[in-house]
Amino acid sequence: TRVRSSAASDVYKRQDDGQARNKRTNESSDRHPANHARGQHSNDPSQSELARDLAEVKRLLQTHVAHTVAAAMSADSPVRAELLKQMFAAGFSAGMASEMVSQMPEQADIHSAVRWMQERLKADLQTLDVVSTIDEGGVYAFIGPTGVGKTTMVAKLAARCVLRFGRSQVALLTTDTYRIGAQEQLKVFAKILGLTITSVRDGADLAHKLEELSRKHVVLLDTAGMGQRDQLMIEQLSLLAEGRQHLKRVLVVSATTGLHTLDDVYETYRQALGQEPFWGVVLTKLDEAVSLAPMVECVIRHQLPVLFMANGQRVPEDLHVPNTGYLVHRSLRVKASIAGS
């Protein structure tokens with residue numbers, strides 16, 4: 001047990017040191033936004049390749065240390081060691097798996113250990129009460145990278161709001177002037193719902209449109225989907241900054257995305273928004289993901305309250321209130337599904 005605790009402590013110390021260095025780097029970037037923009041969106045391929053290589057080395061080191069911890073646990077705490085292996089197999093990172101297992105009280109068998117882990121993950125997952133949240137109304141800006149299903153999700157939510165409040169109380173805005181297909185898709189949904197879709201050119205136009213729509217109960221703003229390393233993403237988010245006193249920013253992420261990319265998306269968007277926290281998160285493509293562990297870990301790590309889950313293309317059926325039991329169950333059983341059990 002002493003060996004296990006020492007090894008686990010080394011994992012946490014390295015994570016804490018890394019987080020401290022990241023915090024100092026972010027603080028420095030905040031003081032020099034121009035430098036930060038150049039660093040985050042550098043076109044130098046060698047820098048991007050180096051960053052990916054370093055991230056991979058870090059992942060391999062964490063995995064190696066975590067497996068060392070599991071091996072050290074085997075004799076003194078076989079139940080903990082088995083749970084650690086199951087979390088690795090499910091897709092949780094070495095750091096989170098080691099931290100969780102180290103905090104687990106002694107369990108009689110692996111089944112009780114898994115139940116403890118399920119309850120712990122459910123407790124750590126934050127959610128928003130969808131009914132009270134939407135009933136209070138407001139302006140919701142949905143932000144996220146390309147390909148996460150953001151426009152379809154906005155259409156699903158718009159349909160729900162029309163059914164609940166009537167079409168006269170719902171408005172749709174879009175900042176996506178880059179992709180003709182996305183505009184046409186949202187226009188089709190809007191026409192079916194009896195709504196109009198209004199394009200927003202810049203920050204001043206957004207402020208003006210929001211003033212005109214101030215009597216609407218719910219305003220849904222669909223933003224252009226762009227990679228977190230795209231310079232146009234900075235321009236899009238600066239547009240939102242001018243209307244920030246009105247907006248509830250909601251991050252939209254796909255369950256098919258890996259943990260490191262999810263973390264990168266969160267950090268890059270958060271910094272581009274001026275360190276302001278996201279109001280909530282929508283989890284999409286749950287039906288397409290092999291593993292939900294990376295998404296569950298990202299949401300817990302960054303304390304993002306879950307607003308909705310989406311698991312299909314049907315409008316509005318495939319949009320659901322957050323279910324922590326479902327998310328945790330899927331996150332811990334993925335490898336069994338792969339094996340065909």
Under the 3.5 angstrom rule, does the side chain of [X] hit a backbone N or O of [Y] as a donor-acceptor pair?
| X | Y | result |
| --- | --- | --- |
| Lys248 | Gly137 | yes |
| Arg80 | Val101 | yes |
| Thr223 | Phe142 | yes |
| Thr284 | Ala310 | no |

Which heavy atom in [X] sits nearest to a heavy atom in [Y], and how many Å separate them?
| X | Y | answer |
| --- | --- | --- |
| Met117 | Leu332 | CG-CD1, 4.4 Å |
| Val265 | Pro145 | CG1-CD, 4.0 Å |
| Val114 | Gln86 | CG2-OE1, 3.7 Å |
| Ala190 | Leu172 | CB-CD1, 3.9 Å |
| Gly91 | Ala293 | C-CB, 3.6 Å |
| Gly280 | Leu128 | CA-CD1, 4.3 Å |

Is any side-chain heavy atom of [X] closer than 4.5 Å to a side-chain heavy atom of [Y]?
| X | Y | result |
| --- | --- | --- |
| Val131 | Asp129 | yes |
| Leu213 | Val139 | no |
| Cys298 | Met295 | no |
| Leu173 | Leu206 | yes |
| Leu319 | Met153 | yes |
| Thr174 | Thr198 | no |
| Val154 | Phe189 | no |
| Pro78 | Ile110 | no |

Worksheet item: For the hydrophobic clusters of this structure (ILVMFWY residues joined by side-chain heavy atoms under 4.5 Å, transitively), does one cluster hold both Leu163 and Ile134?
Response: no

Worksheet item: Is Leu259 reachable from Val328 through a run of hydrophobic residues whose side-chain heavy atoms are each under 4.5 Å from the next?
Response: no

Worksheet item: Where do Leu221 and Thr175 land on the side chain to side chain contact (heavy atoms under 4.5 Å, CB included) test, with the steps shown first?
Response: CA-CA 8 Å; Leu221 174 60; Thr175 65; 3.8 Å; yes

Discussion item. Pair Val299, Leu327 - check side chain to side chain contact (heavy atoms under 4.5 Å, CB included), show working.
Written reply: CA-CA 11 Å; Val299 169; Leu327 292 173; over 6 Å; no

Practice prompt. Apply the test side-chain hydrogen bond (donor to acceptor under 3.5 Å, both in side chains) to residues Thr261 and Asp264: give CA-CA distance (whole Å), side-chain angles for both, the deciding distance (0.1 Å), then the verdict.
Written response: CA-CA 5 Å; Thr261 303; Asp264 188 53; over 6 Å; no

According to ring-ring contact (aromatic ring centres under 6.0 Å, His included), who are the partners of [X], at least two apart in sequence or on a separate chain?
| X | value |
| --- | --- |
| Trp116 | none |
| Tyr326 | none |
| His302 | Tyr266 |

To the nearest 0.5 Å, what is the distance between [atom1] on [X] and [atom2] on [Y]?
| X | Y | atom1 | atom2 | answer |
| --- | --- | --- | --- | --- |
| Asn323 | Leu283 | CG | CG | 11.5 Å |
| Leu307 | Leu157 | CG | CG | 7.5 Å |
| Leu251 | Tyr269 | CG | OH | 8.0 Å |
| Ser168 | Arg215 | OG | CZ | 12.5 Å |
| Cys161 | Gln169 | SG | CD | 11.0 Å |
| Arg270 | Arg249 | CZ | CZ | 13.5 Å |

Practice prompt. Take Tyr140 and Thr133 through the test side chain to side chain contact (heavy atoms under 4.5 Å, CB included) and record every step on the way to the result.
Written response: CA-CA 11 Å; Tyr140 301 85; Thr133 293; 4.0 Å; yes

Discussion item. Can you pull out every salt bridge (Lys or Arg N to Asp or Glu O under 4.0 Å) where at least one residue sits in residues 282-299? Sequence neighbours excluded, please.
Written reply: Glu297-Arg301

Item to complete: Name all pairs fulfilling the salt bridge (Lys or Arg N to Asp or Glu O under 4.0 Å) condition that reach into residues 317-326, sequence neighbours left out, sorted by first residue then second.
Response: Arg314-Asp318

Worksheet item: Counting only heavy atoms not in Arg167, do more than 12 fall under 6.0 Å of its CZ?
Response: no

Discussion item. Applying side chain to side chain contact (heavy atoms under 4.5 Å, CB included) to Met100 and Leu121, what does each step give before you reach the verdict?
Written reply: CA-CA 9 Å; Met100 284 286 202; Leu121 289 171; 3.3 Å; yes

List in chain and number order the residues that pass side chain to side chain donor-acceptor pair (under 3.5 Å) with [X], two or more places apart in sequence or in another chain; answer none if no residue qualifies.
| X | answer |
| --- | --- |
| Thr324 | none |
| Thr256 | Ser254 |
| Asp135 | Arg164 |
| Lys209 | Asp205 |

Item to complete: Tell me, please, which residues at least two apart from Asp124 pass salt bridge (Lys or Arg N to Asp or Glu O under 4.0 Å).
Response: Arg120

Worksheet entry | salt bridge (Lys or Arg N to Asp or Glu O under 4.0 Å) partners of Lys122, counting only residues at least two apart | Glu119

Response to the item:
residues 149-173 vs ring pair (Phe, Tyr, Trp, His ring centres under 6.0 Å), sequence neighbours excluded, gives Phe165-His217

